[in-house]
Amino acid sequence: MSHQQPGWGQQPYTSEPPRNGGPKWAQKRVAIPAGAGLFVVGLMVGAAGSGDAEITATSKPVPTVTKTVTAQPVEPAEDKADDKPAEAEKSGESKKETDGEQKVPDFVGMGLQSAQDTAQEKGFHSLKSHDSTGRDRFQAFDRNWKVCSQNVKAGRPAPTDTTLDFGAVKLEEKCPASDAQVPEAAGGKMPDLAGESVKAARSVLDSGTSITVTDAAGSRMVLLESNWKVCTQSPSPGAALNGQPVEFTAVKFEESC
């Protein structure tokens, strides 16, 4: 079938549907390829997703940063409370030592020389010793003597300027049941000096007193008076002393009067 050429004033033939109005079936449909359609849909979904993500992000709370710290062990309060008295006691002891006080050691049983050395190490420098038997023997060689008693009780705090007096006997001797001191100096009356060493008896009397000592068992000379004991005396005990001479008879300690 042949088409006629349009004449003058006539509209040319076209396959496009009318732009204004006309039935829907006559309108031209635009076909979109499948791949392009999926691309467009993806863009739309992505845009929607990004919008949701933005809303979600703005609605989330600000995260809280937590720092982990390792706890150090802490002593119970009651333990610290218990330590306070001990610390106070130590502080008190240190203060006493600083102020010149020390606990007196137990010297009994020690050699006299060792006891004196130990006392000096603790700060006690005023030291003396005496014969525990009361014989008034002189401790010429301290290493030959041992301590039987001490004038300050062991463990008691004392100023370091305290005089420590050790009662001692020779190493081969036994300590007496009680420490025997030299009798006190005589006043105006003659004391009872029987059984005392001649040396102790002499020390009781005035230094100007004339004293005669004879051997009660023979005619021996009384040389080391601390080894001799008084058997008799004149004047008698209780007699008034007015400077008269004094006489003693004596024997050695291991002998009987």
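Computed from heavy atoms alone, side chains included, the values below leave out hydrogens, waters and symmetry copies.
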Do Val204 and Val198 land in one hydrophobic cluster if side-chain heavy atoms of ILVMFWY residues count as linked below 4.5 Å? yes
Flag yes if Ile211 and Trp228 sit in one hydrophobic cluster, no otherwise; membership is Ile, Leu, Val, Met, Phe, Trp, Tyr, and two members link when side-chain heavy atoms are under 4.5 Å apart. yes
Is it the case that more than 12 heavy atoms not belonging to Arg220 sit under 6.0 Å from its CZ atom? yes
Could you tell me which non-hydrogen atom of Cys175 sits nearest to which non-hydrogen atom of Lys146, and how far apart they are? SG-CE, 4.4 Å
Heavy-atom check, side chain of Pro235 versus side chain of Val246, under 4.5 Å: yes
Taking the side chain as everything from C-beta on, heavy atoms only, tell me whether Glu254 gets closer than 4.5 Å to Asn227. no
Using modelled atom types and a 3.5 Å cut-off, is there a donor and acceptor pairing between side-chain atoms of Thr160 and backbone atoms of Gly100? yes
Are the side chain of Asn151 and the backbone N or O of Asp165 linked by a donor-acceptor pair below 3.5 Å? yes
Do His130 and Asp179 have side chains that approach each other closer than 4.5 Å (heavy atoms only, starting at C-beta)? yes
Using a 3.5 Å distance criterion without hydrogens, assess whether the side chain of Gln233 forms a donor-acceptor pair with backbone atoms of Leu193. yes
All heavy atoms of Trp145 vs all of Ala140, minimum pair found to be NE1-N, 4.5 Å
Got a sec: does the CD of Glu184 have more than 12 other heavy atoms crowding it under 6.0 Å? no
Does the Gln120 side chain pair with the main chain of Leu127, one donor and one acceptor, at a distance under 3.5 Å? no
Shortest non-hydrogen pair, Gly167 vs Ser132, comes out as C-OG, 2.9 Å
Hydrophobic cluster identity match, Phe107 and Val169, side-chain contacts under 4.5 Å: no
Could you tell me whether the side chain of Ser226 reaches within less than 4.5 Å of the side chain of Asp136, counting heavy atoms only? no
Taking every non-hydrogen atom, the tightest pair across Ser203 and Val182: OG-CG1, 3.5 Å
Would you check if Gln139 and Asp131 make a side-chain contact, meaning some heavy-atom pair closer than 4.5 Å? yes
Between Val251 and Ala216, which heavy-atom pair has the shortest distance, and what is it? CG1-CB, 3.8 Å
Under a 4.5 Å side-chain heavy-atom rule over Ile, Leu, Val, Met, Phe, Trp and Tyr, are Leu171 and Phe166 clustered together? no
Salt bridge (charged side-chain N to carboxylate O under 4.0 Å, His left out), paired with Glu225, selected from Arg135, Arg137, Arg202: Arg202
Over all heavy atoms of both residues, which pair between Leu241 and Met190 is shortest? Give the atoms and the distance, please. CG-N, 3.7 Å
